[in-house]
Amino acid sequence: QWSMGILKEELANNYTKLSNGLLPEISENTISFVDYAPTILSVLDLEIPGYMEGVPFLGNQKGEPRKYIYAFRDRMDPAYETKRAVRDHRFKYIRNYRPDLPYIGFIPYRDRMLMMKEILVKMEEGTLGPDQWQFTAKHKPLEELYDTQNDPHEIHNLAADPAYLDKLNELRDAHLDFNHKYGDLCRMDERELIKVLWPPDGEQPTTDDPVMKWSDGVLMITCATEGASIAYRAANSSRWQLYVSPVETEKATYECQAIRLGFKPSDIVEQTFN
């Protein structure tokens, strides 16, 4: 097992190895986001926990390159969506489980961005070109296939092109195999899903209050909620800091709060050490 404190120290100790060109700046492997955490541990010669699903692509624990990577898009704020994708080194397959929806849904915070405002104006004016069809489409095709080597912006859908039928079938099967192996929560009604995520009654849990201890010039903070992050500050400071390991500091009044994604935050705990 490892902690953020150990990881931070190992990153500092190995900075010269990382910066002196001993590791490649660009990997030609097909890499998934979940591969980054175990890759960092592999580079630092730290044990990779068994629960990590990623495949290290650098370091002593480097694994076999992936044949496929998988991507997912679901509801974002009020905009419903269910998209699944499979990508090999060159081609990307997309399965739209909600082809009745447009590509661009209503997302309030995004629609207030200056760039998005300009796009929305051009959509209303009808001044977008044919390569911007995904902005104006009212519906989506059931399947999409893109040659990312020749079409990196994924504009020309090849799913209906007979010349690419074998590749379409290959990536479609890869998607279905993955779905069969791991399941897909998108098939569950959200009212039922929330009971699975927040059992037993679907009520959002609250992160446990953190506990502070001070001993021999060191402030230690713990939280009983697994996976929680802890922020702390001196009571006279406006700046919160992320707690990653015991902190050498003076006796004073400190505040801390614990937060876990999906949970309600804990109360702000204040404690004075004299």
Side-chain angles (χ1 to χ4, degrees), residues 1-74 81-97 142-159 161 163-188 226-227 244 261:
Q1 297 294 331
W2 52 273
S3 67
M4 285 299 297
I6 294 174
L7 181 58
K8 183 178 180 181
E9 181 178 351
E10 290 294 329
L11 282 171
N13 292 339
N14 284 272
Y15 177 77
T16 54
K17 182 170 76 171
L18 294 169
S19 61
N20 288 338
L22 300 182
L23 298 174
E25 294 184 3
I26 298 176
S27 174
E28 297 297 331
N29 290 356
T30 304
I31 296 171
S32 176
F33 183 78
V34 295
D35 298 336
Y36 283 97
T39 296
I40 292 174
L41 298 179
S42 177
V43 169
L44 300 179
D45 293 327
L46 296 175
E47 182 181 354
I48 300 174
Y51 57 77
M52 285 192 173
E53 299 178 8
V55 179
F57 54 90
L58 293 172
N60 293 333
Q61 301 172 76
K62 178 180 178 181
E64 290 295 320
R66 290 178 178 271
K67 184 176 182 180
Y68 305 119
I69 57 173
Y70 302 86
F72 315 85
R73 165 70 191 276
D74 289 298
E81 186 57 276
T82 308
K83 303 177 72 171
R84 303 292 179 260
V86 180
R87 164 78 191 267
D88 64 13
H89 202 268
R90 177 170 176 176
F91 289 91
K92 182 177 180 181
Y93 167 83
I94 301 172
R95 173 65 182 267
N96 293 306
Y97 284 92
L142 185 64
E143 296 180 303
E144 301 174 62
L145 180 69
Y146 298 101
D147 180 350
T148 63
Q149 178 176 302
N150 296 315
D151 181 22
H153 300 297
E154 301 176 16
I155 295 169
H156 307 292
N157 184 10
L158 305 173
D161 189 332
Y164 296 92
L165 181 60
D166 288 345
K167 179 57 68 174
L168 179 71
N169 285 332
E170 174 195 340
L171 297 182
R172 179 197 291 138
D173 288 345
H175 160 64
L176 294 175
D177 289 345
F178 184 92
N179 195 302
H180 178 74
K181 181 177 180 180
Y182 294 102
D184 196 331
L185 294 178
C186 79
R187 301 180 183 279
M188 186 181 296
E226 185 178 2
V244 295
L261 185 65

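Below, each value reflects all heavy atoms present in this structure, side chains not excepted, and no hydrogens, waters or symmetry copies.
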### Residue of the set Glu154, His89, Arg87, Lys92 for which side-chain hydrogen bond (donor to acceptor under 3.5 Å, both in side chains) holds with Thr148
Arg87
### Message
Holding to ring-ring contact (aromatic ring centres under 6.0 Å, His included), I want the full list of residues that pass it with Tyr146, two or more places apart in sequence or in another chain.
### Response
none
### Summary
Residue set satisfying side-chain contact (heavy atoms from CB on, under 4.5 Å) with Leu142, at least two apart, ordered chain then number -> Arg95, Pro99
### Message
Among residues at least two apart in sequence or on other chains, which ones pass side-chain contact (heavy atoms from CB on, under 4.5 Å) with Ile155?
### Response
Asp131, Trp133, Asp151, His153
### Query
Closest heavy-atom contact between Leu145 and Ala159?
CB-N, 3.8 Å
### Query
How far does CG of Leu185 sit from OG1 of Thr82, to the nearest 0.5 angstrom?
11.5 Å
#### Entry: With Glu53 via salt bridge (charged side-chain N to carboxylate O under 4.0 Å, His left out) - residues at least two apart
none
### Residues that Asn96 engages under side chain to side chain donor-acceptor pair (under 3.5 Å), provided they are two or more places apart
Glu144
### Query
Any donor-acceptor pair under 3.5 Å linking the side chain of Asp35 with the backbone of Val55?
yes
### Query
Minimum heavy-atom separation for Pro56 to Thr39, with atom names?
CA-OG1, 3.2 Å
### Message
Treating Asn29 as the side-chain partner and Ile31 as the backbone partner, does any N or O pair qualify as donor plus acceptor under 3.5 Å?
### Response
no
### Query
Excluding sequence neighbours, so at least two apart, what forms side chain to side chain donor-acceptor pair (under 3.5 Å) with Asp166?
none
### Set of residues satisfying salt bridge (charged side-chain N to carboxylate O under 4.0 Å, His left out) with respect to Arg73, sequence neighbours excluded
none
#### Entry: Partner set under salt bridge (charged side-chain N to carboxylate O under 4.0 Å, His left out) for Asp177, not counting sequence neighbours
none
### With Phe178 via ring-ring contact (aromatic ring centres under 6.0 Å, His included) - residues at least two apart
Tyr70, Phe72, Tyr182
Can you list, pair by pair, the side-chain donor-acceptor contacts under 3.5 Å of residues 168-176, counting residues two or more places apart and other chains?
| from | atom 1 | to | atom 2 | distance (Å) |
| --- | --- | --- | --- | --- |
| Asn169 | OD1 | Arg172 | NH1 | 2.7 |
| Asn169 | ND2 | Leu165 | O | 3.4 |
| Glu170 | OE1 | Lys167 | NZ | 3.0 |
| Glu170 | OE2 | Tyr68 | OH | 2.8 |
| Arg172 | NE | Glu143 | OE2 | 2.7 |
| Arg172 | NH2 | Glu143 | OE1 | 2.9 |
| Arg172 | NH2 | Glu143 | OE2 | 3.3 |
| His175 | NE2 | Tyr97 | OH | 2.7 |

### Message
If I take atom CG from residue Leu46 and atom CG from residue Asn60, how far apart are they, to the nearest 0.5 angstrom?
### Response
11.0 Å
### Message
Please give me the minimum heavy-atom distance between Ile48 and Pro38, naming the atom from each residue.
### Response
CD1-O, 3.5 Å
### Under 3.5 Å side-chain donor-acceptor pair for Ser32 and Arg66
no
### Which residues share a side-chain contact (heavy atoms from CB on, under 4.5 Å) with Asn150, sequence neighbours left out
Arg90, Asp147
### Query
Roughly how far, to the nearest 0.5 Å, is the NZ atom of Lys83 from the SG atom of Cys186?
13.5 Å
#### Entry: side chain to side chain donor-acceptor pair (under 3.5 Å) against Arg84, all qualifying residues, sequence neighbours excluded
Asp74, Asp184
